[in-house]
There are 4 protein chains.
Amino acid sequence: MMPPTAPELVLQCALIGAGRMGQAHASVLAGLRDVKITWVVDVNEESARQVAAQLGAQASTDLDAALSQPDVQAVLITTPAGTHADTIERSARAGKAIFSEKPLAKTLEDGVRAVRAVEAAGVPNQVGFQRRYDPACVSAKARIEAGELGRLEGFRAVGRDPQPPPTEYLVGAGGLLVDMGGHDLDLARFLVGEVAEVRAIGGALAKPELAQHGEHDTAVALLRFENGALGTLEVGLRTAYGYDIRTEVLGEKGRLHIERDKQPDLSVYDAGGVHHDRPRHFSERFGEAYAAEISAFARGVQAGRPLTPSVREALHSLRLALAAQHALVSGETVQVQDFGRELMRQIEPERL
Amino acid sequence: MMPPTAPELVLQCALIGAGRMGQAHASVLAGLRDVKITWVVDVNEESARQVAAQLGAQASTDLDAALSQPDVQAVLITTPAGTHADTIERSARAGKAIFSEKPLAKTLEDGVRAVRAVEAAGVPNQVGFQRRYDPACVSAKARIEAGELGRLEGFRAVGRDPQPPPTEYLVGAGGLLVDMGGHDLDLARFLVGEVAEVRAIGGALAKPELAQHGEHDTAVALLRFENGALGTLEVGLRTAYGYDIRTEVLGEKGRLHIERDKQPDLSVYDAGGVHHDRPRHFSERFGEAYAAEISAFARGVQAGRPLTPSVREALHSLRLALAAQHALVSGETVQVQDFGRELMRQIEPERL
Amino acid sequence: MMPPTAPELVLQCALIGAGRMGQAHASVLAGLRDVKITWVVDVNEESARQVAAQLGAQASTDLDAALSQPDVQAVLITTPAGTHADTIERSARAGKAIFSEKPLAKTLEDGVRAVRAVEAAGVPNQVGFQRRYDPACVSAKARIEAGELGRLEGFRAVGRDPQPPPTEYLVGAGGLLVDMGGHDLDLARFLVGEVAEVRAIGGALAKPELAQHGEHDTAVALLRFENGALGTLEVGLRTAYGYDIRTEVLGEKGRLHIERDKQPDLSVYDAGGVHHDRPRHFSERFGEAYAAEISAFARGVQAGRPLTPSVREALHSLRLALAAQHALVSGETVQVQDFGRELMRQIEPERL
Amino acid sequence: MMPPTAPELVLQCALIGAGRMGQAHASVLAGLRDVKITWVVDVNEESARQVAAQLGAQASTDLDAALSQPDVQAVLITTPAGTHADTIERSARAGKAIFSEKPLAKTLEDGVRAVRAVEAAGVPNQVGFQRRYDPACVSAKARIEAGELGRLEGFRAVGRDPQPPPTEYLVGAGGLLVDMGGHDLDLARFLVGEVAEVRAIGGALAKPELAQHGEHDTAVALLRFENGALGTLEVGLRTAYGYDIRTEVLGEKGRLHIERDKQPDLSVYDAGGVHHDRPRHFSERFGEAYAAEISAFARGVQAGRPLTPSVREALHSLRLALAAQHALVSGETVQVQDFGRELMRQIEPERL
């Protein structure tokens, strides 16, 4: 049980985006007392209305109108990735606290623009890498920082979705290692540190038609970290046994292994052996983490505490994901520091 | 993620009892949108006020006053067990829907009185055996009913709390097999069926001073079910490694094993081997189940659906727990059908 | 890998009994270099010949003839339990080192006679409680002796065979809690200490025809140890999912849990969840332990080291098993120290 | 328990090589009845004598002399990898059945030479990839061949030793992905199929001094299989928590996961959580597999059955390992079919 929240601490928010991700968040938001969705905005009026009704909010198709409402302290952006930067920019100019779904953007240009906008406006900002709020990840991070692993030497991640989205979605989604692998690459940075170099290969094993679009549904990658650690990553979009998320960090003194392998807490023994079920969908595996990241956002905004991961932090994860995707598409070894160096200099002028 | 709740479906409730269990429930209630606590009632004005402030409710020391409020559709009773029956009776007379914490009562007399009161008033009623709402238990029940185990032949339960409550509490709590073992015995009935016969032995291993009060902090019992199944039960109040709840059902075709053995989802590998943590407290293990039982109550009341487990159902679990406690104290083998037969006949006149 | 054995340390043995248990042991013996079976003795000449051929030994139906051979240093007794005492007595008189399968005997009289015989003869002696040689049990014992659990407070055991033997066998086997439960009760003594008091109930769930013989295929028992610890035991002869052996010891500082739940080391993930197999038969679960107990016997005899568990130690386990069986059959609570007190005094004259 | 072996089926063998691996095998051989070591050969007379004494065999420093003995039906070659080909050639010419430790050789030239020699002589031959005899691997192979996974799409392996051998050994061992990674790459071929392409990166994380020799103690690799499957591999020589061997195969219908994560079968619960131990050394993890491969060799030779994996099969695994090592050292992407194409043509003239 979480510590209770006094009613006056509810953060009034506009939910921007009532599509697939917006609806998924709406389910979480409906169960949270930290936030109150007062407006739901979507270019599709019907979607906006449906989600608004569900949340007891008002609906709008006009972002600027919603941003001008006095009962909107913050925005939760769940629009498609290609519109994140623009929405962030407008929300920042309106002085709103900003929570944006990941990835920060589809291009590095857009990502840099978003960082400049929120930092110029000085608004609180957070990006939705919810796994950082998973209790196992929180504990792993604390153990690493306490030195339990000693020097970090390895990273391994598997990130597999049960079923690929429609081809139309995948073709416009920015690439497998950005859209899906972005979570694992963000954790690589969060848990181990910056990645220096990436190699990747992939295929269209579940959906062969993706090949003609230059897209992949499966990829494996090698990571060399700046601190010398070596890592592997596997990302896939079709997994017969459900949702397979594993994250491991290896150090000179030990290893941390994050995985939920049994859900619910039931084992069945019969003539065929022992059986149990496991998470089938991200909402089952990360339900608590989604709630926790929004609560942290709401409380952090109200308390004036720094939020994490910030838009700037998410830009670095985006850069790594784009570099990995470039490695996957080109077959080349990509040096992450050389990738988008000019653009990154706009927000890191001290970097060479 | 649970399906969202439209705001108009919020059930307005009075929370009766702002002590230990009331506060624990308050934390859960604070995170739920299905119910709105409008009043908090406790004989201790200060406790009532604190919990009321936390929940944005009004406080009162006067139960009848609260029961007469128009914004009280239902009561959530979390007072000490000895007062449950009286509170249920008064709430039933006031026509309120009733959710009472377990056990239903401390004596069979009180329990029978509570059943008669709610059934005379015809009010919706539910008792807080939250484990029945644990996802693993729900799945186990469904598998048993689908015949996956065939004929049921065995039951095993371990129920151990990490730390015993103060001796003063234990001496007035009605006995180990009622207060703590009541959960496991309720599941025995829920999953396997009625218990015919019980034997038990116990000790005061963690708190030797309990012996002089005739109380126990540890007990083991044998159960013979009406359908021929045989069972064992262990209950304890001091467990070095936290909170240990295990429930097993054995049938001719297999076995179901309910246990949460890893929380969070993190394994640590080091020179000493492999390590993980596990639930330390009932709120960690059954957080979802507490929320789910209250939601089921709120939705069931609004939809006019039957609630479960009802006060009548809880009376049978209380009778079994009292019989087991009698076996423990007396050293005798107790035939459950003979235990309190006269009293039970008041509500089951068709029984011999 | 075990440390190698020099060839001169091979112990030359007669295998007495070429029935079910003799054949099971023969398979283990065939793979061991510590012992060489030179003679196989069985009243059934054909059985003796078959096992002898398999082991490269000579066959005989005449026990005394075999005992008089110079190439017989020791005997391995795997005859039916009712003949153990007699065979032990004759082997002891012949001056042979003795390894006998459990139980030591079917009656306390026979057991006492066996102890007196081996101790009068001064021959090395060991009884086949192989679980004491299972690596997990060895480690558990060491941890308990090192004080890792603090004061011992609880014991739980489940011992379930996959399929009941024929009714004819069961009717003459001495009772469920001696024949099958004897292993678990021996471990109770080995790991926790002497049992003061036992209660048991049972049934004939898998083979209802056993009831008319006063026999059981399922039993559950409560144990009160002399040191105050409380325990439960479940024994069964029909288990849909194979062979289920679990042993737990609880102390004030923690809990030890012995169980092999996955064999082989393979997990299968598919649309139905996660699956693995587990031991189906005692030879799968305790293959190493059978080899280890015989090796320990062979090496101990050659080195003149004390053997364990000795015939005297096994007598105490037999007494407990007989007491538990009496509790099961009579429904009474049995005080173990009162059970067979007169007989026990023959070998423990200092006892009151 | 394994089926017993009749004494006449013992295969008389010379053990060639009494160094580290020879001694490890000697411990296994000492416990096996399928083989009898009659001669131990080593250039170091003292080593030969010690191991011979342990096995009850005669010692020699002269390979040809031993090969000419009538009581040598087969050879078990456990010399350093660089001498395997030469020893195989001489043994083949002497008409002996050959079991050689892996890798088959240190160079492709030597490997090809060994294949030509054994095939010209027509002698039975097997190479020591013992993991193929691990029960979990045997079961995995059978499931794959039965089509349980459908089309194979992925492979993941981790192979980590607890402690690196001395630098002197590593510098001459042929490279990390041959000496250590050879096992995992052999399983990749055994379980999934031929590898088309490999990329690898590595480091000297545990022993930085290796870098100056161009050697690595850690490497990660990407594998693209001819059937389209994608794989990752991690190999390491220093692992704080022991010996970490994991092998996974992914198919369109599911996933197989081979790992021993608990040994012995004991879990310890205490105030720090739940703990268990795991294998620390290859002999603990693969003790049964070492015995099984030698037994299979001995029985196969006697029965005239084909042996597996043969020297020819092992050559393909060697070629893959050398290709992976080349990728690691050069940083290049290596096409396996192009690697050593001319040499391979000597034994596969039908290949282009």
Side-chain angles (χ1 to χ4, degrees), chain B residues 148-158 160 196-206 208 211 216-225 227-236 238-242 244 246 248 250-257 259 261 273 278 327-328 331-333, chain C residues 139 148-158 160 196-206 208 211 216-225 227-236 238-242 244 246 248 250-257 259 261 278 327-328 331-333:
Chain B
E148 285 190 24
L149 295 189
R151 187 159 56 106
L152 301 185
E153 299 184 346
F155 176 79
R156 294 173 214 116
V158 172
R160 299 193 64 94
E197 186 186 295
V198 59
R199 282 165 173 81
I201 60 174
L205 304 179
H216 310 82
D217 54 30
T218 312
V220 287
L222 298 181
L223 308 176
R224 188 191 295 278
F225 291 79
N227 62 12
L230 300 170
T232 60
L233 168 65
E234 173 185 325
V235 177
R238 195 269 316 269
T239 313
Y241 53 94
D244 189 359
R246 287 178 271 166
E248 299 178 49
L250 180 77
E252 58 180 334
K253 296 185 189 166
R255 174 165 83 87
L256 301 177
H257 185 115
E259 180 177 11
D261 198 34
R278 53 191 308 290
L328 174 62
E332 296 167 13
T333 299
Chain C
S139 173
E148 284 189 25
L149 295 189
R151 187 159 58 104
L152 301 184
E153 298 184 347
F155 176 79
R156 294 174 214 116
V158 172
R160 300 192 65 94
E197 186 186 294
V198 59
R199 282 165 174 80
I201 60 174
L205 304 180
H216 310 80
D217 54 29
T218 312
V220 288
L222 298 182
L223 308 175
R224 189 191 295 279
F225 290 80
N227 63 12
L230 301 171
T232 61
L233 167 65
E234 173 185 324
V235 178
R238 197 265 319 269
T239 313
Y241 53 95
D244 189 0
R246 287 178 270 166
E248 299 177 49
L250 180 77
E252 59 182 330
K253 296 185 190 167
R255 173 165 85 88
L256 301 177
H257 185 116
E259 180 177 12
D261 198 35
R278 54 191 308 290
L328 174 62
E332 294 167 13
T333 299

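We name chains A, B, ... by the order of the sequence lines, and we start the count at 1 in each one. Heavy atoms only: backbone and side chains are in, while hydrogens, waters and symmetry mates are out.
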Please determine whether side chain to side chain contact (heavy atoms under 4.5 Å, CB included) holds for the pair B/Thr218 and C/Glu153, giving the CA-CA distance in whole Å, both sets of side-chain angles, and the decisive distance to 0.1 Å. CA-CA 9 Å; B/Thr218 312; C/Glu153 298 184 347; 5.6 Å; no
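Remark: B/Glu252 pairs with no residue by the side chain to side chain donor-acceptor pair (under 3.5 Å) rule, at least two apart or across chains. Annotation: salt bridge (Lys or Arg N to Asp or Glu O under 4.0 Å) contacts of B/Glu148 (sequence neighbours excluded): B/Arg143.
Taking CZ from B/Arg199 and CG from C/Leu222, the interatomic distance works out to 8.5 Å, rounded to the nearest 0.5 Å. Taken to the nearest 0.5 Å, the CD atom of B/Glu248 stands 7.5 Å off from the CG atom of C/Asp244. Separation of atoms CG (C/Leu205) and CG (B/Leu230) is listed at 5.5 Å; rounding is to 0.5 Å.
When the candidates B/Gly150, B/Ala221, B/Ala200, B/Gly154 are compared by the number of heavy-atom contacts under 4.5 Å with chain C, B/Ala221 comes out ahead. Chain C forms the most heavy-atom pairs under 4.5 Å with one residue out of B/Arg238, B/Arg156, B/Glu234, B/Arg151, and that residue is B/Arg156. In terms of heavy-atom pairs under 4.5 Å with chain C, the best-connected choice from B/Arg255, B/Lys253, B/Arg160 is B/Arg255.
When all heavy atoms of B/Arg224 and C/Gly202 are compared, the closest pair comes out as NH1-O, 3.1 Å. Nearest heavy-atom pair across C/Ala240 and B/Gly254 is CB-N, 3.6 Å. Considering every non-hydrogen atom in both C/Leu233 and B/Thr232, the closest pair reads O-CG2, 4.3 Å.
Of the two parts of C/Leu149, neither the backbone nor the side chain holds a non-hydrogen atom closer than 4.5 Å to a non-hydrogen atom of chain B.
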